[in-house]
Amino acid sequence: MEQWWKKGVVYQIYTRSFKDSNNDGVGDLNGIISCLDYLKFLGVDILWLTPIYESPNDDNGYDISDYRKVINEFGTIEDFLELLNEAHSRGIKIVMDIVFNHTSDEHRWFIESKSSKDNPYRDYYIWKEPKDGHEPNNWTSCFQGSAWEYDENTKEYYLHLFSKKQPDLNWQNPKVRQEAFDIMNYWANLGVDGFRLDVINLISKDESKYYIDSDIKGHKVCANGPNIHEYLQEMNQQVLYRKSLMTVGETPSVSVDDAKRFAPLDGSELSMIFQFEMMNVDGAEDNKWTDRRFKLLDLKRIMTNWQVGLYNKSWNSLFWSNHDQPRCVSRFGDTSTPFYHEKSAKMLGICLHMMQGTPYIYQGEELGMTNAPFESLEDYRDIDSLNSYKQLVEVEKSVAHEDMLRYLRKSSRDNARTPMQWDNSEYAGFSKKQPWIMINPNYKYINAKIELSNTNSIFYTYKKLIQLRKEYNIITDGYYELFMEDDPNIYAYKRINKEQELIVYCNFTSYLLEYDSSYIHEDASILISNYEDQLLGKLRAYESVVFIQKNRKTS
Ligand code: GLC
Ligand code: CA
């Protein structure tokens, strides 16, 4: 089976915030169609669309109420088919986001399921009897509060690892699995090229744990459950294999060894997974509501472990951000001056895109979009942010109001969800109406129009990175080797194949630093850099430079 995604670059679109074609303040499918030439010019090969299905939007579409319908505010199925067609005619593939760990509580299956204990859909979800008049166990949901919700009518609890409007599906029921595969085939038959599978490693629950308390959150207990590989192999056989579809499984709490099983090179399960180990570098034991800043040594250790661990065994996905994470230039770079902003945004792009795997660019990352200066709680829309505030500040009273506002500004998912900044007109060229969430006021000087008009911009660095991946096989096939491993400020690594070597240096600080240049031969040339000239052996603020040279050992 051809593994076309190994040479591809993915661009993630958060439809609600990408481009609004009918000026109702919400991004939509026709908006995406109108930007396809922009995406083609950037050079990306694959678009990942976050969920576009009918949904009451408790969690912005990750609570699906009809898997075969496009949500009205985004358009119609005809708009979707046109998008698919227009993308394909430009050589761009489309990957759909699909959520099968849970549905919306407004999905027809759930409405049936909760109507009575003997309803044929009862067993589509996970219903449990109370234990001593309480929840079966103490699991908390990802979005705060108990992971169990009591139903007065049938006197049982249902499980929801996310919000109570997102009941978990029971994958032990073969009918549920068949429904999921049928839905995937429905979209595959319409011509989509792959799927991003939301929290897919949570779908297999361990029966024996439902009445046992735990000191970790429910979703951690349920990660990588007993039948997960059986289910994914079944999905592979029923949907994926013959169509050569790309799949990326979102899998929190996985190790390198787990990844090898989820995405083996023989194609028997998924094409690749998203792991989140490096997303924990600035959280305190999985609590993202802190002031902590990451340490480069941690990042290097984790990324190296994945680069080395999956080489020739599986395939990495490469990302700095997505719709659940803050903006990467604010988090791992430096936005304190326009100069540092530009240099560090480019440096991050270079650092990631020279690694092995499939890179994912989150919308606006190619412009250097930053976290938003949210001022009050009313500015937030995200259920995770709002529920966390309520829980920590009002219920537990463990965090003060001002502290929580600061943590939210640093880590809220809404940082990634403010509208795409197209130009400096009112509402940033995203819409002609006040959008559903605030626009980052820095759109006046950070926007696509300015970036496109200057060939030295962050946008053009990303464009070049995408081109390089197509031109140089070493970026896809070379093995990875970390050096200067104990340096806390410079990320330096090599990529090596039979013919060539890449030597990558990235300064993660604003200081002038020296690096070990003994690896660079006379025949070396510069593949890409974020400065116009070079000081051999020195790196200026957020400087990044990549040398390419012959591999002397083998050539
Ligand atoms: C995934 C999604 C996130 C969503 C959650 C529940 O983590 O990326 O946005 O809230 O699953 O579906
Ligand atoms: Ca719209």
Side-chain angles (χ1 to χ4, degrees), residues 12-35 48-53 55-65 67 70-76 79 96-105 107 141-144 147 160-169 195-203 217-220 222-223 248-254 273-276 279 286 288 317 319 321-326 360 362 381-388 412-417 419-420 427 430-437:
Q12 184 191 348
I13 293 185
Y14 198 69
T15 309
R16 173 168 293 277
S17 296
F18 191 62
K19 176 80 184 169
D20 177 15
S21 71
N22 61 346
N23 297 309
D24 61 354
V26 174
D28 47 54
L29 298 177
N30 281 321
I32 301 175
I33 295 174
S34 72
C35 299
W48 151 23
L49 305 186
T50 49
I52 61 163
Y53 319 94
S55 162
N57 278 329
D58 187 51
D59 184 19
N60 285 2
Y62 285 89
D63 47 322
I64 300 173
S65 53
Y67 288 93
V70 171
I71 188 168
N72 278 338
E73 53 185 350
F74 289 176
T76 61
D79 297 333
M96 309 272 284
D97 204 326
I98 201 143
V99 187
F100 283 133
N101 177 66
H102 44 267
T103 67
S104 163
D105 66 339
H107 194 290
S141 97
C142 263
F143 297 151
Q144 311 293 341
H160 60 90
L161 295 178
F162 294 88
S163 96
K164 65 178 180 205
K165 287 186 65 63
Q166 294 168 299
D168 279 50
L169 282 165
F195 296 97
R196 180 254 188 201
L197 296 156
D198 192 69
V199 289
I200 197 67
N201 65 327
L202 307 187
I203 58 174
K217 286 195 167 208
H219 74 280
K220 294 222 154 184
C222 296
V248 51
E250 190 206 21
T251 54
S253 312
V254 288
I273 59 159
F274 289 131
Q275 53 84 15
F276 296 95
M279 293 287 129
D286 279 334
K288 61 185 183 180
S317 62
F319 66 98
S321 58
N322 62 37
H323 65 292
D324 295 329
Q325 303 291 334
Y360 289 74
Y362 180 67
R381 300 288 175 271
D382 166 32
I383 182 171
D384 175 40
S385 304
L386 296 171
N387 285 6
S388 295
S412 169
R413 309 198 292 184
D414 280 339
N415 282 302
R417 300 178 179 185
M420 181 74 175
Y427 308 126
F430 164 73
S431 177
K432 292 203 167 63
K433 191 187 155 215
Q434 181 71 45
W436 68 278
I437 188 171

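Every number for a ligand or one of its atoms is a count from 1 in the order of the listing. From a predicted model like this one, the values you see are computed outputs, not experimental measurements.
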**OP:** Could you tell me if any non-hydrogen atom of R196 lies under 4.0 Å from any atom of ligand 1?
**Re:** yes
**OP:** Among T50, L29, I32, find the one that has a side chain to side chain contact (heavy atoms under 4.5 Å, CB included) with I13.
**Re:** I32
Subject >> Nearest-neighbour protein heavy atom for atom 8 (O) of ligand 1, which is reported as residue plus atom name and distance >> reply: D324 OD2, 2.5 Å
**OP:** Give the numbers and elements of all ligand 1 atoms closer than 4.0 Å to a heavy atom of R413.
**Re:** 3 (C), 4 (C), 9 (O), 10 (O)
Subject >> Protein heavy-atom partner closest to atom 4 (C) of ligand 1 - residue, atom, separation in Å >> reply: D59 OD2, 3.3 Å
Subject >> atom 2 (C) of ligand 1 [closest protein heavy-atom partner, distance rounded to 0.1 Å] >> reply: D198 OD1, 3.0 Å
Original post:
Got a second to check how far I33's CD1 is from K19's NZ, nearest 0.5 Å?
Top reply: 13.0 Å
Original post:
Of all the atoms in N23, is at least one N, O or S atom closer to the Ca ion (ligand 2) than 3.0 Å?
Top reply: no
Original post:
Got a sec: is G31 within less than 3.0 Å of the Ca ion (ligand 2) via an N/O/S atom?
Top reply: no
Subject >> Atoms of ligand 1, numbered as shown, that sit under 4.0 Å from any heavy atom of H323 >> reply: 2 (C), 3 (C), 8 (O), 9 (O)
**OP:** Classify the ring geometry between H323 and Y14 as parallel (under 30°), tilted (30 to 60°) or perpendicular (over 60°).
**Re:** parallel
Original post:
In D28, which N, O or S atom comes closest to the Ca ion (ligand 2)?
Top reply: OD2
Original post:
Where is the tightest heavy-atom contact between Y53 and I71, given as atom of each residue plus distance?
Top reply: O-CB, 3.3 Å
**OP:** Assess R381 against W436: is NZ or CZ under 6.0 Å from the centre of the six-membered ring, and within 45 degrees of the ring's axis?
**Re:** no
Subject >> Flag for D63-N57: side-chain donor and acceptor within less than 3.5 Å >> reply: no
**OP:** For atom 5 (C) of ligand 1, find the nearest protein heavy atom and state the residue, atom name and distance (0.1 Å precision).
**Re:** F162 CE2, 3.8 Å
Subject >> Closest D20 atom to the Ca ion (ligand 2) [N, O or S only] >> reply: OD1
Subject >> Least distance between heavy atoms, I64 atom then G61 atom >> reply: CG1-O, 3.5 Å
**OP:** Check all N, O or S atoms of D24 and name the one closest to the Ca ion (ligand 2).
**Re:** OD1
Original post:
Do D58 and S163 meet the criterion of a side-chain donor-acceptor pair at a distance under 3.5 Å?
Top reply: yes
**OP:** Would you kindly specify which portion of F143 sits under 4.0 Å from ligand 1, judged on non-hydrogen atoms: side chain, backbone, both or neither?
**Re:** side chain
Original post:
Quick one: OG on S55 to CD on Q166, what's the gap to the nearest 0.5 Å?
Top reply: 8.5 Å
**OP:** Could you grab the angle centred on the Ca ion (ligand 2), going from O in V26 to OD1 in N22, to 10°?
**Re:** 160°
Subject >> Nearest neighbour in protein (non-hydrogen) for atom 7 (O) of ligand 1 >> reply: E250 OE2, 2.8 Å
